Protein chains: 2
Amino acid sequence: MTHSCRTLRSFSRAVVNAHYDGRMPRRSAEDRAPSQVDVARAAGVSTQTVSRVISGHPNVRPETARRVMAAVDAVGYRWHAAAASLASGRTRTIGVILVSTARYSTSAILLGAEGAAAEAGYTVITASVPQHSGPAAFTDAFDRLERQGSEGIVVLAPVGFLAEALGSRVERTPTVGHRQSDGIGADALIDQRAIARMATEHLLDLGHRTVWHVSGDEFWQESSARRDAWEAVLLERGATPPPVIPGDWSPASGYRAGRTIAAIPDATAVFVSSDEMAFGVIRALHEARRAVPGEISVVSVDDIALAAYATPALTTVRQPFEEVGRAAAMRVIELIEQREPVSVEPLRPELVLRASTAPPKG
Amino acid sequence: MTHSCRTLRSFSRAVVNAHYDGRMPRRSAEDRAPSQVDVARAAGVSTQTVSRVISGHPNVRPETARRVMAAVDAVGYRWHAAAASLASGRTRTIGVILVSTARYSTSAILLGAEGAAAEAGYTVITASVPQHSGPAAFTDAFDRLERQGSEGIVVLAPVGFLAEALGSRVERTPTVGHRQSDGIGADALIDQRAIARMATEHLLDLGHRTVWHVSGDEFWQESSARRDAWEAVLLERGATPPPVIPGDWSPASGYRAGRTIAAIPDATAVFVSSDEMAFGVIRALHEARRAVPGEISVVSVDDIALAAYATPALTTVRQPFEEVGRAAAMRVIELIEQREPVSVEPLRPELVLRASTAPPKG
DNA sequence: TTGTACGCGTTATCAA
DNA sequence: TTGATAACGCGTACAA
């Protein structure tokens with residue numbers, strides 16, 4: 001990093017390339033990789049015809065196409081994405097912004113997005129943002145992805161300030177996944193309020209008087225959406241919402257919350273905002289000799305692979321993560337290609353009944 | 001997909017672009033995005049100077065640089081990665097091949113790789129391969145990444161046939177992560193035999209006569225490496241290796257294995273090849289009224305976030321996944337830049353003692 | 001420290 | 001159905 005570069009930091013950080021590390025010599029004409037020109041010469045056609053064959057355009061005589069492909073193999077030609085991008089103005093690349101916390105859901109959503117993108121002929125590039133970053137980290141990630149040529153961006157981090165942080169960026173580059181309330185990518189997401197509603201109503205239906213709540217990280221919009229819906233359901237049913245017990249998605253925070261709950265004599269039901277926290281909650285309850293679901297029922301959210309193997313097996317509201325990824329990717333691609341959204345069925349959470357809930361005793 | 005395209009499938013699949021969907025009109029000269037030419041004009045310098053400022057080259061007068069950056073902001077210039085790649089012959093992109101199963105380890109490794117790549121000024125693109133795919137799926141993924149301009153590739157899928165499947169590809173594009181025994185990227189990986197050794201020796205040291213083993217998916221090289229080392233340790237110590245109980249990394253397969261073990265009266269210790277399987281094993285044991293660790297000790301591998309919240313908390317051999325990702329990315333980048341490997345300390349697994357193991361009773 | 005000239009490999013346009 | 005030609009926007013070589 002040179003001095004001049006550092007002083008430039010105050011200007012458009014989105015533009016300056018920080019990684020100067022010496023120039024690369026240009027390769028001499030002889031050891032250049034074979035190009036469409038070489039193929040054209042070998043096949044006795046124009047480079048345009050080669051391009052058409054390579055790109056799968058219609059209106060090429062099969063015989064010609066075969067000659068071209070034979071030449072491709074003969075000269076060892078390989079397509080050059082950068083040159084194509086420069087000429088066509090398209091990169092067929094979408095970017096994904098991730099929060100850097102290793103979780104089952106992260107990989108599931110990413111895998112779904114990557115699969116859907118690949119099927120549509122797009123490539124996925126990722127940019128991660130440290131947990132609990134401020135707006136700047138998100139705009140940096142966004143800029144990085146744009147600079148690499150992302151034609152659209154999926155933000156897998158529903159944090160509250162995203163809309164303001166991203167600002168006008170989302171107008172020039174199609175963006176999906178932040179802020180359901182903005183209407184941006186609304187159908188790519190799961191209705192978080194519905195999740196909380198299903199969980200809370202399930203416990204109420206079992207006969208519990210009220211339901212306690214262990215919330216997720218306040219940084220994530222899911223957390224407040226679920227909290228609001230949980231509260232609304234209780235109020236609708238004439239129950240008094242107890243104070244929220246804060247968590248941060250981690251099992252450790254669930255454990256702390258569990259200790260709190262264990263100390264509340266009349267608590268009989270808890271809605272925990274993630275399976276991972278539920279493991280912590282249940283362990284704390286277990287250590288405090290409070291039986292689950294005998295004395296206290298627990299419902300959580302996600303249905304990770306391990307949910308069925310908790311003791312007791314978790315009753316939980318399943319989120320179809322992979323489909324979320326697929327839907328988000330498909331939606332950005334539709335936006336990029338300015339197609340109308342294909343009306344697919346909305347992604348529905350699903351209550352999976354297992355062994356961590358029961359009617360209150362007595 | 002046209003007819004001619006389909007008949008061409010028999011030729012180089014790595015070359016044909018399957019996704020023709022109409023040509024994009026070229027934008028007229030007026031609404032072209034601002035380029036370095038526009039910046040140069042606005043700043044009253046040459047495009048070359050603009051390029052130097054943007055790329056962070058040294059030897060630019062600070063005052064000039066400032067004028068350029070002001071012009072950048074004024075005209076709304078944005079760097080064009082494809083054009084830079086075409087001119088420089090470099091993409092600063094690395095590809096990562098993933099097996100499409102959502103797991104904690106997948107996201108942890110990926111996040112590590114992405115972070116390290118970003119620090120070095122590289123972008124990560126991903127390609128996923130369905131679980132249990134044959135060699136063709138891997139070569140397809142490899143080709144996809146190469147076509148997008150990956151200068152190096154990290155393969156996060158240590159399956160046995162990779163070396164043969166990839167063949168000469170790894171010579172033209174630096175590749176890390178498959179086959180420790182090949183010496184390719186050896187230091188980017190964790191010694192899987194050491195993991196099995198630590199686990200097995202821990203149980204033997206506690207006084208167990210022998211150790212049973214629940215293996216991982218045979219598709220992964222880890223599985224056989226660990227099995228071999230487990231067997232070797234038992235033999236060294238004069239114990240008789242019992243038959244291997246097969247698993248596939250999933251909690252469900254662990255559960256099945258657990259039922260098998262529960263039916264073996266003299267089993268007192270098990271080395272389970274992943275934490276997720278251990279959850280299944282312990283649940284099965286629990287249902288069969290076999291106390292853990294009272295009657296049977298369990299050691300597993302990974303140390304996922306939930307390991308500490310199993311009942312009992314899992315004694316497990318920790319794999320530093322994020323560092324694995326970092327190391328792999330750094331290693332490919334070194335190979336790309338033809339630098340000598342920076343000798344960092346090898347990644348060491350670590351035995352984390354918790355509550356699932358104990359000396360045999362009696 | 002700065003500028004001129006050229007080439008990188010492909011696709012869009014338009015004509016044949 | 002095919003071909004000639006002109007961009008696309010940047011980085012490198014080399015000269016000043």
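Here the structure is a predicted model, which means the values were calculated and not measured. Side chains are part of it too, since the values below use all heavy atoms of this structure and drop only hydrogens, waters and symmetry mates. Reminder, nothing fancy here: chain letters follow the sequence lines and each chain counts from 1.
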- Note on the structure: When rounded to whole Å, the CZ to P distance for the pair R92(A) and dT11(C) reads 12 Å
- Message: Heavy atoms only, 4.0 Å cut-off, all strands: where does Q36(A) land among base, sugar-phosphate and nothing?
- Response: base
- Rounded to the Å, how far apart are N59(A) CG and dA12(C) C1'? 15 Å
- Message: Using a heavy-atom cut-off of 4.0 Å across all strands, would you classify S85(B) as base, sugar-phosphate, or nothing?
- Response: nothing
- Minimum heavy-atom distance T173(A)-G152(A), with the two atoms named: CG2-CA, 3.8 Å
- Message: Checking T91(A) now: which residues fulfil side-chain hydrogen bond (donor to acceptor under 3.5 Å, both in side chains) with it, not counting sequence neighbours?
- Response: E151(A)
- State which of dT2(D), dT11(C), dG9(C) makes the closest approach to the side chain of T64(A). dT2(D)
- Task: Report yes if at least one side-chain N or O of R32(B) is closer than 4.0 Å to OP1 or OP2 of dA7(D); otherwise report no.
- Result: no
- Query: Nearest-Å distance, CD (E63(B)) to P (dT2(C))?
  - Reply: 10 Å
- For S88(A), the side-chain hydrogen bond (donor to acceptor under 3.5 Å, both in side chains) test, sequence neighbours excluded, returns none
- Check side-chain hydrogen bond (donor to acceptor under 3.5 Å, both in side chains) between E337(B) and all other residues, then give those that pass, not counting sequence neighbours. Y122(B), R339(B)
- Contact under 4.0 Å: S51(A) side-chain N or O vs dT10(C) OP1/OP2: no
- Could you state the CD1-P distance from I54(A) to dT11(C), rounded to the nearest angstrom? 8 Å
- To the nearest Å, give me how far apart NE2 (H80(B)) and P (dT10(C)) are. 15 Å
Sort me out a list of protein N/O and nucleotides 3-5 of chain C N/O pairs below 3.5 Å, or just none if empty.
| unit_1 | atom_1 | unit_2 | atom_2 | d |
| --- | --- | --- | --- | --- |
| dG3(C) | OP2 | S46(B) | N | 2.9 |
| dG3(C) | OP2 | S46(B) | OG | 3.1 |
| dG3(C) | OP2 | T49(B) | OG1 | 2.6 |
| dG3(C) | N7 | R52(B) | NH2 | 3.1 |

- Select one nucleotide: of dG9(D), dT1(D), dT12(D), the one nearest the side-chain heavy atoms of H57(B). dT12(D)
- Message: Check this one for me: any side-chain N or O of S88(B) less than 4.0 Å away from OP1 or OP2 of dT12(D)?
- Response: no
- Task: Not counting sequence neighbours, list each pair that qualifies as a ring pair (Phe, Tyr, Trp, His ring centres under 6.0 Å) and has a residue in residues 137-158 of chain A.
- Result: F138(A)-F161(A)
- Message: Of the options dT2(C), dT1(D), dG9(C), whose atoms approach the side-chain atoms of V60(B) most closely?
- Response: dT2(C)
- Message: I need the CG-P distance between L86(A) and dC8(C), as an integer number of Å.
- Response: 13 Å
- Nearest-Å distance, OH (Y77(B)) to C1' (dC8(D))? 13 Å
Please tabulate, one pair per line, all N/O donor-acceptor pairs under 3.5 Å involving side-chain atoms of residues 80-87 of chain A, not counting sequence neighbours.
| unit_1 | atom_1 | unit_2 | atom_2 | d |
| --- | --- | --- | --- | --- |
| S85(A) | OG | A81(A) | O | 3.1 |
| S85(A) | OG | R90(A) | O | 3.1 |

- Query: Taking atom P of dC8(C) as reference, at what distance in whole Å does atom CH2 of W79(A) sit?
  - Reply: 19 Å
- Query: Of all heavy-atom pairs between V53(B) and V16(A), which one has the smallest distance, and what is that distance?
  - Reply: O-CG1, 4.4 Å
